2 protein chains.
Amino acid sequence: MLHLEGEVINFRSMETRRADQIAVQLEELIFDGTFVDGQRLDEVRLAEHFGVSRTPLREALQRLALSGMVEMIPRRGAFVRQPGPVELMEMFEVMAELEAACGRLAAMRITDTALTDLRKANAKCLAAVEARDADSYYTENERFHRIIYQQSGNGFLEHETAKLHKRLKPFRRKQLRFRGRMAQSMAEHEAVVAALEHGDSARAEDILRKHVAVQGEKFHTLMASLKRAAE
Amino acid sequence: MLHLEGEVINFRSMETRRADQIAVQLEELIFDGTFVDGQRLDEVRLAEHFGVSRTPLREALQRLALSGMVEMIPRRGAFVRQPGPVELMEMFEVMAELEAACGRLAAMRITDTALTDLRKANAKCLAAVEARDADSYYTENERFHRIIYQQSGNGFLEHETAKLHKRLKPFRRKQLRFRGRMAQSMAEHEAVVAALEHGDSARAEDILRKHVAVQGEKFHTLMASLKRAAE
DNA sequence: GTCAACCTCTTTGTATACAAGACCGTTGAT
DNA sequence: ATCAACGGTCTTGTATACAAAGAGGTTGAC
């Protein structure tokens, strides 16, 4: 199963260390649900799966542990650690605050070309909504937000925000299909662009915070409905 | 130099993995300036300094690399990486936003006991100022802020904020001695407590953001003056 | 019959051994 | 004289070997 070894060799040119590639691949496997929450990650098994010794594999695991996707208990092993509903809400709340901060700063610092790019991304978003193309919407939506991170003019903030954004990716995807969510999201995007254009920090901050926070709330109701269905 | 080996054995009970202890110790050595910016960290040298093999030492280095204090260049080695003036300003800016977020949420969620604790910490701060005890001030100041992180009611936010706070520690320390900074800081603390007490989110957010941001600015002027002095 | 102690087997943590890329000096050619 | 190519050496990255801590099962005592 999972015959990835062939392609790995091609990657060798860009990522010199085997441990890096493995970390990325493991991340994928956790993201896409191949490894479920709480599952123990056997070093020997994984090592032979990837065709390496335990040494680089352990390094990869440690990286995932630091990013919070894996918990390493001394002398016990490494376990997949998906955030529970509470932690997920917390992460969305932080995401909302970070995006708000980006928006606030971007309103003061955004360039004209970036504004144009934002509008372009937004137009493509709209086209995707009308074409009912969820994947395309997702891609353009991501571009939209990434521009805002970048235009905060703060590389550190940009990086941290993008990091959390990436980590929440698999969970955000799940709740995109809510009725009317895309249309509402589009309206919010328009409002954000307008606020940034006018240099209205407070407004950009406010809209973005709510724009992201609502995702967390939608997720919350999703969880609640799942829970009720299970009872 | 640096005879730490004796004590290390005592730590064994709490931190089972040698790599963890080494990571902490290396962090200290970078913080206190024993290793300067750009310095290469020789694996073999450090390994024999700590009395271990390269394996756990490498794991420790990788951890520091992920926290940004060390840069690992493939096939080249690990180098100490202190943030430059620009990155430092960026980090302070993010710190300000995170603290502001904590304050905003804490204003809605703080408990009465926590408010009491805040006042206590503040009183001790004041006593430290009057006693011109910078160390004590620093400790109590930290407690004050940590309570606010905690009372955000968001464990993830608390953790991330504390992480950045810790990373900025060595740089914050340097600019505490500015004329009148302590007194001004005290006044801001009082205002924060008042805002939290009244559940005034917007005000708590605002004061805290400026309270932290001013540290970045002070640092900026400090850097500028150092630069001018060097010319 | 139940509980506890011991023993074994598995698995992690660390040390050592090996492979290969990067630095540096030398040498040779133009 | 300068520059490029080559080889040696040093350092990193990976594999393997070893040590020690847990997990689990079995046996023996009460």
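Letters go in sequence order (proteins before strands), and every chain restarts at 1. Please read these numbers as outputs of a predicted model, since none were measured by experiment.
Under 3.5 Å, the side chains of B:E59 and A:Q62 contain a donor-acceptor pair of N or O atoms. Between the side chains of B:T34 and B:D32, a donor-acceptor pair is found at a separation under 3.5 Å.
Checked against salt bridge (Lys or Arg N to Asp or Glu O under 4.0 Å), B:E71 has no partners two or more places apart in sequence or in another chain. Among residues two or more places apart in sequence or in another chain, the salt bridge (Lys or Arg N to Asp or Glu O under 4.0 Å) test is passed with B:D42 by B:R40.
Using a 4.5 Å heavy-atom threshold, the side chains of B:E93 and A:F156 count as separate. Side-chain contact between A:K166 and A:E27: present, with at least one pair of heavy atoms (C-beta onward) separated by less than 4.5 Å. Contact check for B:I148 versus B:L118: side-chain heavy atoms found under the 4.5 Å cut-off. A:V52 places none of its side-chain heavy atoms less than 4.5 Å from the side chain of A:L46. Between A:H189 and A:E140, every side-chain heavy-atom pair lies at or beyond the 4.5 Å cut-off.
Between A:R167 and B:E160, no side-chain nitrogen of the basic residue sits less than 4.0 Å from a carboxylate oxygen of the acidic one, so the salt-bridge criterion is not met.
Across the protein-nucleic acid pair, A:E43 atom CD and D:dC18 atom P stand 19 Å apart, rounded to whole Å. In this structure, CZ of B:R17 is placed 18 Å from P of C:dT11, rounded to the nearest angstrom. Remark: P of C:dG13 and CG of B:L57 are 17 Å apart, rounded to the nearest angstrom. Atom CZ in A:R40 sits about 15 Å away from atom P in D:dG22, given to the nearest Å. With rounding to whole Å, B:F50 atom CZ is found 14 Å from C:dT14 atom P. Straight-line distance from the CG atom of B:L41 to the P atom of D:dT11: 14 Å, rounded to whole Å.
For the atom pair CG (B:L105) and CD (B:E158), the distance works out to 12.0 Å, reported to the nearest 0.5 Å.
Listed pair B:R45 / D:dC10 fails the phosphate criterion, with no side-chain N or O lying under 4.0 Å from OP1 or OP2.
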Could you go step by step and tell me if B:T161 and B:M95 meet the side chain to side chain contact (heavy atoms under 4.5 Å, CB included) rule? CA-CA 7 Å; B:T161 309; B:M95 190 72 220; 3.7 Å; yes
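Residues from residues 59-73 of chain B lying near DNA chain D, meaning a heavy-atom separation below 4.0 Å, are absent.
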Atom pairs under 3.5 Å: protein N/O with N/O of nucleotides 20-24 of chain C:
{"residue": "C:dC23", "atom": "OP1", "partner": "B:R76", "partner atom": "NE", "Å": "2.6"}
{"residue": "C:dC23", "atom": "OP1", "partner": "B:R76", "partner atom": "NH1", "Å": "3.3"}
{"residue": "C:dC23", "atom": "OP1", "partner": "B:R76", "partner atom": "NH2", "Å": "3.0"}

Report all interatomic pairs (protein N or O, nucleotide N or O of nucleotides 15-18 of chain C) with separations under 3.5 Å.
{"residue": "C:dA15", "atom": "OP2", "partner": "B:S53", "partner atom": "N", "Å": "2.6"}
{"residue": "C:dA15", "atom": "OP2", "partner": "B:S53", "partner atom": "OG", "Å": "2.8"}
{"residue": "C:dA15", "atom": "N7", "partner": "B:T55", "partner atom": "OG1", "Å": "3.0"}
{"residue": "C:dT16", "atom": "O4", "partner": "B:T55", "partner atom": "OG1", "Å": "3.3"}

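Between A:Y149 and A:H165, the ring planes lie perpendicular to each other; the angle is over 60°, past the 30° to 60° tilted range.
Five base pairs at each end of the helix from C:dG1-D:dC30 to C:dT30-D:dA1 define two local axes, and these are offset by 0° (rounded to 10°).
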